[in-house]
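Just follow the structure's listing: the first ligand is 1, and inside any ligand the first atom is 1.
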Amino acid sequence: MSAIERDVDAVVIGAGFAGLYAVYKLRELGLDLQGFEAADGVGGTWRWNCYPGCRCDVASMEYSYSFDKELEQEWTWKERYGAQEEILAYLEHVADRHDLRRHFRFETRVTSAVWDDDAERWVVETDRGDRVRARFLIAASGNLSLPNTPPFPGIDRFRGRVVHTGTWPREGVDVSGRRVGVIGTGSSGVQVIPMLAQDAEHLYVFQRTPHFVVPAANHPLSEEYVRETKARYDEFRRECWQTPFGFRLEVNPKSALEVSEEERNAEYQRRWDLGGPELLGAFSDIMLDERANETCAQWVRDKIAEIVDDPETARRLQPTTYPIGAKRLVQGTGYYETYNRDNVTLVDLLEAPIVEITERGVRTEAAEYELDVLVLATGYDGVTGPLLALNPVGRDGLTLREAWADGPHTYLGLGVAGFPNLITVTGPGSPSVVSNFALSIEQHVDWIADLLAHMREHGIRTVEPDPEAQEAWTRHVREVAEPTLFTRANSWWMGANIPGKPRVFLAYLGGVTPYKERCDEVAANGYEGFVLTAAEPSPA
Ligand code: N01
């Protein structure tokens with residue numbers, strides 16, 4: 001296909017949950033659109049992450065679009081938590097149903113975006129030689145779409161195969177009878193490890209910081225549950241909005257410190273059995289009070305010791321250096337039980353760090369582990385990574401990397417001062433990665449569509465945050481996070497997984513409903529805090 005040279009109203013980057021809905025909504029406004037997507041099809045993270053065991057940790061009937069009421073009724077989720085294949089099939093269905101693919105150019109990565117101040121257009125270029133001029137640049141490029149591959153010395157000379165969970169080969173990786181190593185024990189590692197252990201001759205898990213893992217307790221959804229939920233889907237969605245993070249979680253109003261040990265432990269056990277995120281809702285102060293948090297953390301450590309046969313392995317799996325919940329609570333299926341298998345070895349990198357990757361495998365300070373396949377479950381340069389990789393150039397040559405040298409500065413996670421008409425869907429400083437993405441994406445895209453309609457109606461050419469409003473919001477995001485325990489771990493939420501990345505909490509913790517109310521209030525007050533440039537009055 002020859003390179004595209006076009007003038008459009010908006011370029012949309014990404015064909016995942018956000019990009020698909022953005023194209024749907026903006027097309028409704030009659031805008032001329034050009035989408036770009038690096039993958040060979042729609043689905044975003046749910047296309048790339050096709051590693052065995054990949055599954056969402058937000059319940060499927062909540063982690064889905066609400067904008068299409070017929071789709072809500074027609075689509076039937078099979079399990080409590082959607083498997084990667086099922087979520088991808090859903091997004092492909094949405095793309096077909098609404099004829100969204102035709103707006104995208106696939107296998108095409110946006111390589112540069114430069115604001116032309118005279119023409120008031122973004123000039124967008126791709127790795128296929130496309131050059132598109134657009135009034136608006138809608139970054140729906142995802143929060144977990146730039147894999148983090150740590151620069152392990154010697155990785156290029158390894159004679160076996162190296163795969164990252166975030167770019168897993170579609171045809172799969174045959175590990176049967178092979179020696180496999182996995183580096184990383186976050187959400188991706190915890191899901192892939194039990195699956196690989198079933199087939200590998202031997203599995204070595206290279207763990208740096210242990211994560212707290214709770215049972216996902218995934219199960220097929222009963223016909224009755226699906227029927228009842230569909231019958232009251234609007235109310236069900238409202239219940240999601242009434243929670244802090246946009247997924248249904250019953251938060252016990254009691255403090256963990258006000259109840260007896262017996263009551264506390266019974267509550268933890270009940271929530272452990274329910275599975276999913278429930279444990280963190282056991283008491284109201286788990287993420288606010290260190291002592292309350294410690295009761296929960298210790299309860300889980302005891303659970304690990306109960307499940308894992310070898311006491312040394314259990315000890316190594318017990319997190320002790322940060323509060324439970326300060327790194328994303330990981331949901332697993334048979335995770336701790338996997339360490340009771342004869343063909344699984346836990347390698348503690350805190351005791352003996354990785355020195356290098358050799359031709360044969362991984363060498364730590366203590367030993368060399370010979371491998372045929374090395375799996376990197378080492379996560380992502382989250383939230384800001386994809387935007388900074390593109391590094392748009394705004395007004396007066398200002399680059400995003402310059403503007404965000406000490407961490408992201410945004411207004412509501414939707415816009416950045418100095419970057420007119422750049423709109424970020426679930427950008428830093430919005431609930432994004434601590435919320436139910438499906439819900440937050442719809443809220444953002446609906447708001448963006450209203451903004452663009454307002455601009456058209458009032459002849460407004462450009463929109464960008466007022467620097468003062470942006471700083472006040474950025475301060476507010478940090479002030480809300482600071483007193484909580486969310487900031488007390490070296491997590492990717494804090495940018496701590498990427499060397500040199502500024503250490504700030506990247507998402508807004510104030511709750512999805514207060515956040516939405518703020519966005520709606522800003523709109524109702526004529527987009528207060530944004531600078532809107534109206535068309536020049538025509539000469540008298
Ligand atoms: O990535 P992570 P992830 N040497 O950053 C280790 C979502 N998600 O892909 O903790 C050795 O959490 C690192 O160790 P440490 C979800 O939001 C959701 O697992 O930094 N080890 C850690 O163990 C999730 O939070 C789902 O010490 C190194 C691991 O790699 C987010 O994506 C499924 C290392 C990375 O863990 C990211 O999860 C999957 C090094 N140099 C993902 N560098 C579900 O919905 C990193 N590590 C269930």
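At a cut-off of 3.5 Å, with distance as the only test, no side-chain donor of Tyr21 or Glu442 sits close to an acceptor on the other residue. Counted by atom type alone, Tyr335 and Thr185 present zero donor-acceptor pairs between their side chains at under 3.5 Å. Under the 3.5 Å distance criterion, with hydrogens and angles disregarded, a donor-acceptor pair is assigned to the side chains of Asn143 and Thr426. Neither side chain, Arg315 nor Gln318, offers a donor N or O lying under 3.5 Å from an acceptor on the other.
Distances from ligand 1 to the non-hydrogen atoms of Tyr51 include at least one value under 4.0 Å. In this structure, His211 is part of the shell of residues with a heavy atom less than 4.0 angstrom from ligand 1. Heavy atoms of Phe152 come nearer than 4.0 angstrom to ligand 1 in at least one pair.
Of the protein's heavy atoms, Gly184 CA, 3.7 Å lies nearest to atom 6 (C) of ligand 1. From the protein, the heavy atom lying nearest to atom 36 (O) of ligand 1 is Gly186 CA, 3.7 Å. Looking only at heavy atoms of the protein, atom 29 (C) of ligand 1 is closest to Ala377 O, 3.3 Å. When only non-hydrogen protein atoms are considered, atom 10 (O) of ligand 1 lies nearest to Lys327 NZ, 2.7 Å. Here the protein heavy atom with the shortest distance to atom 27 (O) of ligand 1 is Thr209 OG1, 2.4 Å. The protein heavy atom nearest to atom 32 (O) of ligand 1 is Leu144 CD1, 3.4 Å. When only non-hydrogen protein atoms are considered, atom 37 (C) of ligand 1 lies nearest to Trp492 NE1, 3.6 Å. Among protein heavy atoms, atom 40 (C) of ligand 1 sits closest to Arg208 NH1, 3.4 Å.
Heavy atoms from other residues, nucleotides or ligands lying under 6.0 Å from NZ of Lys516 number 12 at most. Within 6.0 Å of the CD atom in Gln269, the count of heavy atoms belonging to other residues, nucleotides or ligands exceeds 12.
Atoms of ligand 1 found under 4.0 Å from any heavy atom of Arg328 (numbered from 1 in listed order, with element): 16 (C), 17 (O), 24 (C), 25 (O). Of all the atoms in ligand 1, the ones that sit under 4.0 Å from a non-hydrogen atom of Leu349 are 11 (C). Taking every non-hydrogen atom of Gly379 and a distance limit under 4.0 Å, the qualifying atoms of ligand 1 come out as 1 (O), 3 (P), 5 (O), 9 (O), 35 (C). Listed by atom number, the atoms of ligand 1 under 4.0 Å from Cys56 heavy atoms are 45 (O). Which parts of ligand 1 touch Ile183 is read off a 4.0 Å heavy-atom cut-off, strictly below it: atoms 11 (C), 21 (N).
Counting heavy atoms closer than 4.0 Å to ligand 1, residue Asn490 contributes nothing at all. Under 4.0 Å from ligand 1, heavy atoms of Ser187 appear from its side chain as well as its backbone. At a 4.0 Å heavy-atom cut-off, ligand 1 does not touch Trp493 at all. At a heavy-atom distance under 4.0 Å, only side-chain atoms of Tyr380, from C-beta outward, approach ligand 1. Residue-level proximity to ligand 1 for Arg55 is carried by the backbone, the only part with a heavy atom below 4.0 angstrom. Residue Gln331 does not touch ligand 1, judged by heavy-atom distances below 4.0 Å.
Backbone and side-chain nitrogen or oxygen atoms of Ser188 are examined, and one is located within less than 3.5 angstrom of a nitrogen or oxygen of ligand 1. At least one N or O atom of Thr185, backbone or side chain, sits closer than 3.5 Å to an N or O atom of ligand 1.
Aromatic rings from His444 and Tyr515 are positioned such that their centres are separated by under 6.0 Å. For Trp473 and His476, the ring centers sit closer than 6.0 Å to each other. Checked against a 6.0 Å centroid threshold, the rings of Phe17 and Tyr65 count as neighbours.
A donor-acceptor pair under 3.5 Å is formed between the side chain of Ser432 and the backbone N or O of Ser430. His164 contributes a side-chain N or O that, together with a main-chain N or O of Asn148, makes up a donor-acceptor pair within less than 3.5 Å. Asn49 places no side-chain N or O within 3.5 Å of a backbone atom of Gln84 that could act as its donor or acceptor partner. Under a 3.5 Å cut-off, the side chain of Thr229 and the backbone N or O of Tyr225 do form a donor-acceptor pair.
Pairing each heavy atom of Tyr508 with each of Gly429, the nearest pair is CB-O, 3.4 Å.
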